[in-house]
Amino acid sequence: MTDLDDAYANMPYIPGGADYPARWAEAAAAYRDEAMMVQVGYGPGVRRQIDLFLPMGGQKGLIIFVHGGYWMKFSPQDFSHLARGAVEAGWVVAMPGYDLAPEMRIEQITGLIAMAVAELARRFSGPIRLVGHSAGGHLVARMLAPGMLPEEVASRIEKVVPISPVSDLAPLLRTSMNATLRLDAAEAGRESPVHQPVPGVPVQVWVGAEERPVFLEQARGLAEAWACPLTVEPGRHHFDVIEGLEAESPLLAAVIA
Ligand SMILES: N[C@@H](CC(=O)c1ccccc1NC=O)C(=O)O
């Protein structure tokens with residue numbers, strides 16, 4: 001144990017926390033059974049696949065959701081059900097997979113997400129919105145770094161909603177997770193969205209009021225660094241803060257409005 005392990009642990013502080021991953025996988029599989037889904041690859045290997053959920057009728061644009069799990073856990077197939085709200089509102093929802101730590105360093109994962117976003121931009125026209133949770137919130141925030149995406153892709157990004165993002169990676173150097181993440185101070189600095197220039201696109205940071213204090217700080221830190229709005233949603237913790245994406249909710253409204 002290191003001094004910040006407990007601060008960054010979510011599961012032990014969430015009632016029934018250990019049951020969430022199995023419930024996510026089950027809800028995700030049930031949604032895939034009824035959804036119109038196709039997969040496209042953006043690189044070699046089973047993880048470089050994007051699940052695409054298609055709405056009936058016209059398309060308002062593309063929403064890319066990047067899942068979390070401290071860059072070392074889960075796949076898009078654990079979170080398919082989160083596409084429902086935006087799909088029913090007429091958006092295409094894309095969920096890219098990515099190779100995980102320790103095989104990948106965080107900066108390589110950032111590069112994979114940039115590749116996935118560029119691939120999606122080639123395949124769809126129209127506006128693109130980015131949503132990510134936790135480590136995925138970090139990854140979507142990273143897409144706004146100068147030069148991360150080709151200009152013709154960057155110019156189509158209309159809005160970004162980082163949910164409970166990790167925005168300053170430096171504290172992770174002091175967690176046992178870093179045995180897997182293998183961050184050093186230099187990479188932690190380069191990979192921290194709080195150190196990026198203020199982006200030119202609207203960003204709305206979202207976090208649950210019942211989250212661990214460090215996640216409230218991480219969210220506030222990003223909203224302050226980027227001078228963008230922060231919503232602290234009452235009654236939500238790190239695991240149920242994403243549930244609003246499943247149906248009409250304040251979070252879904254923030255994403256699709
Ligand atoms: N084992 C981790 C899991 C976790 O934090 C997490 C789980 C699902 C989605 C995002 C997460 N956190 C950051 O990416 C914990 O509870 O501390």
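A quick note: this is a predicted structure, and the numbers were derived from the prediction, not measured. Numbering of ligands and ligand atoms starts at 1, following listing order.
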Can you label the angle between the [X] ring and the [Y] ring as parallel, tilted or perpendicular, going by 30° and 60°?
X: F53; Y: Y31; answer: tilted
X: F79; Y: W24; answer: tilted
X: F215; Y: Y8; answer: perpendicular

Would you confirm whether T110, through its side chain, and I106, through its main-chain N or O, come within 3.5 Å as a donor-acceptor pair?
-> yes
Test item: S134 side-chain N/O and G136 main-chain N/O as donor-acceptor pair under 3.5 Å | no
Polar contacts were defined as any N/O atom of the residue lying under 3.5 Å from an N/O atom of the ligand; does this apply to [X] and ligand 1?
X: P12; answer: no
X: H133; answer: no
X: W71; answer: no
X: F215; answer: no

Should you measure from each heavy atom of [X], which atoms of ligand 1 turn up under 4.0 Å away?
X: H238; answer: 10 (C), 11 (C), 12 (N), 13 (C)
X: K73; answer: 1 (N)
X: M11; answer: 15 (C), 16 (O), 17 (O)
X: W24; answer: 8 (C)
X: A9; answer: 17 (O)
X: A135; answer: 13 (C), 14 (O)

Quick one: does Y42's side chain get under 4.5 Å of L112's, heavy atoms only?
-> yes
Please report which non-hydrogen protein atom sits nearest to [atom], along with the residue it belongs to and the distance in Å to one decimal place.
atom: atom 17 (O) of ligand 1; result: N10 N, 2.9 Å
atom: atom 10 (C) of ligand 1; result: G69 N, 3.2 Å
atom: atom 8 (C) of ligand 1; result: F74 CE1, 3.4 Å
atom: atom 13 (C) of ligand 1; result: S134 OG, 2.1 Å
atom: atom 7 (C) of ligand 1; result: F239 CE2, 3.4 Å

Shortest non-hydrogen pair, S167 vs L222, comes out as CB-CB, 3.7 Å
For the student: nearest non-hydrogen atoms of A83 and V93, plus distance | CB-CG1, 3.7 Å
Nearest-0.5 Å distance that lies between atom CZ in R142 and atom CG in L130 = 13.5 Å
Are the ring centres of Y20 and H238 closer than 6.0 Å?
-> no
For ligand 1, the portion of Y20 having any non-hydrogen atom under 4.0 Å away = neither
